[in-house]
Amino acid sequence: MEWRILSTGILPQSMSKLLFVAFAFSMALLSCSSDDEGLASGMESGSGTVSAEGGGASIGLSDSVISLKCGRDTAIVTAEKGGWSIDSVIVDGVPYAFSDAGTKAFAEQEWAGGTFGWLTVMHSDRRIMVAAERNLWLPRTFEILIAAGDSIVRLPGTQGEQEILPDGLWGDVIGLAPNAVLIDAVGGTQLATTVGGHWTIESVTVDGETTLTTLAERERCAEEREFGKTVNWLTVSRNRQELIVEALPNDSADSRRFEVRLSSGNYFTKLTGWQAGTYGLPDGISHDAVCLSPRTLVLSAAGDVQQATTQSDHWWLAEVRIDGEAYGFSAADGEPCADGSDFTKTIGWLTLTRSGRQVTVEAAPNRTGGMRKFTAVLAAGNYHCTLTGYQAYYMSDAMDASHAPR
């Protein structure tokens, strides 16, 4: 598996930046009312976060610090008073005179501003908007110097450092459901649906043998949203946003297994299936009695909380593995959730909580320089399923082999 940072897109850099800035500012403006309602509420769009403590009192800034995430991010800061201007912008210690910036029109308003390195800064009478390009390296800083009468108001900001995960573990843009299907020994058809339509089929694995799709098949699947391929006893087809699998009768005593691997850009997922033999299905493979969704979680290196839900009350936690080390749960030992009850348990950097049909996963910040992984096995009778989680890590920690977790 190849490890890399997410790509920055296929557009030329200048065109990509222009489209990003125009879109980010246009969306930010749509969230602000024309009569300045909610000026004191601070940032109204973008995923950047801000702090309302500290300076900026001379013009009534809603925020005194801007914190942007490592991806392309935007933030808005508002002022209670007008009559001020931006004197200069400092980006990673390099000063830029704001007078060098141009004037652009967004949402029928004039905004003075421009791009300074990786940061775009624009302002109107009582708003300042910033937009940062994706950060592919270490944390970086900027500062906006605002001239208000005879004084200078400083508005500092930071952009977080790049987080790294292996290919295929970023946000689910396919939304495949269900992820696993069962087919009777007499043969039959099963259907899975997707939320996103921009995906293709990479391979089909039948009884352990993988058959790769051809370039023509992948292009037809992605562009025309149609696909058809038979591998041994299994036929896989696509109809728009539906993935269809059809199995011939299984006359042997043993069950048989298949996988269909899907991709969309840097995200991968798969449909796993079993067909019963004359002796039925192996232990742990039965009709889904838990209905866990989602089954894969991706956690931020900064520390994160994620949730998964079930559609059943009658399941228990059988095992947890953290970075390869197994932790068993036994009702006889008084372990939580082994009897199906609610619980909270912390193991190392991970905290698992069950509340009714909901599972909450909380991860401490990851400063180890490597990806962290956990699995949690949920069981109900003869059925079991696995919740898998990955936590990203920071590039700066990966570059320092002697770095110790903190």
Side-chain angles (χ1 to χ4, degrees), residues 47 163 165-166 168-182 192-196 199 243 259 261-262 264 266-274 284-329 335-366 371-393:
S47 56
E163 297 183 10
L165 278 171
L169 293 181
W170 293 93
D172 186 351
V173 293
I174 297 178
L176 180 68
N179 297 100
V181 295
L182 303 176
T193 60
T194 65
V195 175
W199 51 269
L243 178 63
E259 289 182 356
R261 182 177 171 87
L262 283 63
S264 179
N266 197 43
Y267 176 75
F268 307 119
T269 189
K270 65 182 177 181
L271 174 69
T272 303
W274 293 266
I285 307 301
S286 62
H287 291 286
D288 191 344
V290 178
C291 297
L292 177 69
S293 179
R295 297 195 180 198
T296 302
L297 301 176
V298 178
L299 306 166
S300 169
D304 205 352
V305 177
Q306 300 264 354
Q307 294 177 334
T309 59
T310 69
Q311 296 182 24
S312 171
D313 298 314
H314 307 293
W315 58 267
W316 62 91
L317 191 64
E319 180 189 81
V320 173
R321 285 183 178 268
I322 298 180
D323 296 327
E325 185 172 354
Y327 300 85
F329 291 82
E335 289 288 354
C337 199
D339 59 356
S341 60
D342 289 354
F343 78 102
T344 295
K345 187 173 183 66
T346 299
I347 305 174
W349 52 270
L350 187 74
T351 298
L352 290 169
T353 300
R354 173 184 179 171
S355 179
R357 297 185 176 186
Q358 184 169 279
V359 182
T360 301
V361 177
E362 182 175 359
N366 183 8
M371 185 188 73
R372 301 199 288 204
K373 178 184 177 181
F374 76 89
T375 58
V377 178
L378 282 61
N382 194 43
Y383 175 79
H384 63 256
C385 59
T386 302
L387 175 64
T388 303
Y390 304 87
Q391 187 176 23
Y393 61 95

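No hydrogens, no waters, no symmetry mates; every other heavy atom, side chains included, goes into these values.
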Visitor: Does the pair Leu271 and Val181 meet the rule for a side-chain contact (heavy atoms from CB on, under 4.5 Å), with working shown?
Guide: CA-CA 8 Å; Leu271 174 69; Val181 295; 4.0 Å; yes
Visitor: So which atom in Trp316 and which in Ala380 form the shortest heavy-atom distance, rounded to 0.1 Å?
Guide: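 So the two residues come closest at CZ3-CA, 3.7 Å.
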Visitor: I need the Phe374 CZ to Ile322 CD1 distance, nearest 0.5 Å.
Guide: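 Here the rounded value is 8.5 Å.
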Visitor: Any salt bridge between Glu259 and Arg261, counting N to O under 4.0 Å?
Guide: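 No salt bridge links Glu259 with Arg261.
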Visitor: Which atom pair, heavy atoms only, marks the closest approach of Asp342 to Arg354?
Guide: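 In terms of heavy atoms, the two residues are closest at CB-O, 3.4 Å.
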Visitor: Which atom names give the shortest non-hydrogen contact between Ala192 and Leu176, and what distance separates them?
Guide: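 Scanning both residues, the minimum pair turns out to be CB-CD1, 3.8 Å.
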Visitor: Which value, rounded to the nearest 0.5 Å, describes the distance between Gln391 atom CD and Lys373 atom NZ?
Guide: 14.5 Å
Visitor: Just verifying a value: how many Å separate Lys270 NZ and Leu262 CG, rounded to the nearest 0.5 Å?
Guide: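 CG of Leu262 is found 12.0 Å from NZ of Lys270.
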Visitor: Between Ser312 and His314 (side chain of the first, backbone of the second, donor and acceptor by atom type, cut-off under 3.5 Å), is there such a pair?
Guide: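 Judged by distance alone, yes, a pair lies under 3.5 Å.
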Visitor: Check whether any side-chain heavy atom of Trp349 lies under 4.5 Å from a side-chain heavy atom of Asp323, and answer yes or no.
Guide: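 In short, these two side chains touch, coming nearer than 4.5 Å.
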Visitor: Report yes if some heavy atom in the side chain of Leu350 is under 4.5 Å from a heavy atom in the side chain of Tyr327; otherwise report no.
Guide: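 Of all side-chain heavy-atom pairs linking Tyr327 with Leu350, none is under 4.5 Å.
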Visitor: Rounded to the nearest 0.5 Å, what's the gap from OG1 on Thr375 to CZ on Arg321? Could you check?
Guide: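 If I round to the nearest 0.5 Å, the distance is 6.5 Å.
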Visitor: Counting C-beta onward and ignoring hydrogens, is there a side-chain heavy-atom pair between Arg295 and Thr386 closer than 4.5 Å?
Guide: no
Visitor: Tell me whether Thr310 contacts the main-chain N or O of Leu292 through its side chain, where contact means a donor paired with an acceptor under 3.5 Å.
Guide: no
Visitor: Output yes when a side-chain donor or acceptor of Gln306 lies under 3.5 Å from a complementary backbone atom of Ala363, and no otherwise.
Guide: no
Visitor: Does the side chain of Thr269 come within less than 4.5 Å of Trp199's, by heavy atoms?
Guide: no
Visitor: Output the distance between atom CG (Asn366) and atom CG (Asp304), rounded to the nearest 0.5 Å.
Guide: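 Here the rounded value is 11.5 Å.
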Visitor: I need the minimum non-hydrogen distance between Thr296 and Tyr390, along with the two atoms involved.
Guide: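 That closest heavy-atom pairing would be CG2-CE1, 4.0 Å.
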Visitor: Let me confirm one number: the CZ-CG distance from Arg357 to Asp313, rounded to the nearest 0.5 Å.
Guide: 4.0 Å
Visitor: How close do Phe343 and Leu317 get, counting heavy atoms only, and between which atoms?
Guide: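 Heavy-atom minimum between the residues: CZ-CD2, 3.7 Å.
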Visitor: Less than 4.5 Å apart, any side-chain heavy atom of Leu387 and any of Val361?
Guide: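 SC-SC contact between Leu387 and Val361 confirmed.
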Visitor: Is it the case that over 12 heavy atoms from other parts of the model lie below 6.0 angstrom from the CD atom of Gln307?
Guide: yes
Visitor: So which atom in Glu319 and which in Ala326 form the shortest heavy-atom distance, rounded to 0.1 Å?
Guide: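 Scanning both residues, the minimum pair turns out to be OE2-CB, 4.0 Å.
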